[in-house]
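Note that these values count all heavy atoms, side chains included, but never hydrogens, waters or copies made by symmetry. So you know, we letter chains A, B, ... as the sequences are listed, proteins then strands, and number each from 1.
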There are 2 protein chains.
Amino acid sequence: MQEITGLELSPKKVQYLKFLLKKGDLVKTTDISTELNVDPSTSTKTINDLAESGYVDHVPYRGVRLTEKGREFAEFFVNRHNILSLMLSHYGLSSEGACAEVSRFEAFVSKEAIDTICGSMGHPTVSVCGKIKHSSCNLH
Amino acid sequence: MQEITGLELSPKKVQYLKFLLKKGDLVKTTDISTELNVDPSTSTKTINDLAESGYVDHVPYRGVRLTEKGREFAEFFVNRHNILSLMLSHYGLSSEGACAEVSRFEAFVSKEAIDTICGSMGHPTVSVCGKIKHSSCNLH
DNA sequence: CAACCTTTTTGGACATACACCAAACATTAG
DNA sequence: CTAATGTTTGGTGTATGTCCAAAAAGGTTG
């Protein structure tokens, strides 16, 4: 289990990891390119970056799978998304609006801030976008 | 007065405009490079970009000044920063923590979201980082 | 008012992130 | 085992943002 600052990955790479976690198991690079609306060659290249950094394992022509490290990060990314969406929804944004807004900036919010916000909310278990787990929250 | 989506400028350029508004009047490109910790040649280049897009006027070797358009955007950027900082401070972040956190992601939050949040807060006039004006808030 | 010193800009190079296209390559279906 | 399909490689391009070295402009002072 490694330190997560929350600022390790670019917005696009965060999207990749969240999608990989949602799909689970072995995912085709083509599924990713379809989901994220990019050329298949783009997703292959990005996946190779993520593999080099140890977030995924890539078996060429076969598919991609999160590593243990990748899974931990992906779970944090999903929680971060959900906590931020819940927060925005408290200020009058619709579920969809909050979700869309958060998707643009979530990659730049630190884990430290998320833990603080999460604690301040009383560690909610449900957001407007999905459920929230607290295994990685440092403020128990 | 033109439409502002809030997503027009990159994080760095938002910083430039906020600094220019704070300093007011004619600002040396060297002051900017000192403030933002970049090489003077970097600030000159970025200022030229902003001048091409109509946010500033640049008189070479003399200084930089916000245009009317630039001033409107800069005021929105400052308000956005302050509203988001106030929001985060409601969830347990310190003034400095909220301010630092917001500085990283503010460029990706839309004016539409800010107006909604601002309205939901009852149009506060004071934040943890400075005062808030409401001239540009669409939900008066 | 000319030479010098300082400030600012220009030009060139580089890094990161992201994207696409065309061609090569592997897998799978028939 | 060949053809169609799916995937990767290599090449290129755009947008940001960065620095360094050299040129240019501005300011200062004998």
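- The side chain of B:R62 contributes an N or O atom lying less than 4.0 Å from OP1 or OP2 of D:dG27.
- The aromatic ring centroids of A:F105 and B:F105 lie less than 6.0 Å from each other.
- Taking atom NE2 of residue A:H58 and atom C1' of nucleotide D:dT9, one finds them 12 Å apart after rounding to whole Å.
- You'll find the side chain of A:L20 stays beyond 4.5 Å of the side chain of A:Y55, heavy atoms only.
- We find that CD1 of B:I47 is positioned 19 Å from P of C:dT7, with the value rounded to whole Å.
- One N or O donor and one acceptor, one from the side chain of B:S41 and one from the base of D:dC20, sit under 3.5 Å apart.
- Between A:L36 atom CG and C:dC20 atom P the separation is 11 Å, expressed in whole Å.
- At a threshold of 4.0 angstrom between heavy atoms, the contacts of A:D49 with the nucleic acid are absent.
- Atom-to-atom, NZ of B:K13 to P of D:dT18 comes out at 10 Å; the value is rounded to the nearest Å.
- Judged by atom type and distance alone, A:K45 reaches the base of D:dG11 through a side-chain donor-acceptor pair under 3.5 Å.
- Judged by distance alone, the side chains of B:Q15 and B:K12 do bring a donor and an acceptor atom under 3.5 Å apart.
- The 5' end of DNA chain C is approached more closely, in terms of each residue's nearest nucleotide, by B:T44 than by the other of A:K28 and B:T44.
- Regarding B:Y16, its OH atom lies at a distance of 13 Å from the P atom of D:dT16, rounded to whole Å.
- Base engagement by A:T42 is indicated by at least one non-hydrogen atom pair under 4.0 Å involving a base atom.
- D:dG17 atom P lies 14 Å from atom CD1 of B:I32, rounded to whole Å.
- If you take CG on A:N79 and CD1 on A:I114, they are separated by 9.0 Å, rounding to the nearest 0.5 Å.
- Here the nucleotide nearest the side chain of A:D39, chosen from C:dC21, D:dC19, C:dT9, is C:dC21.
- Residue A:P60 is in sugar-phosphate contact alone, with no base atom involved, counting any heavy-atom pair closer than 4.0 Å across all strands shown.
- When rounded to the nearest whole Å, the span between CG of A:N48 and P of D:dG10 equals 11 Å.
- Note: CD (A:Q15) to C1' (C:dC18) measures 12 Å, nearest angstrom.
- For the atom pair CD1 (B:I117) and CG (B:L84), the distance works out to 5.5 Å, reported to the nearest 0.5 Å.
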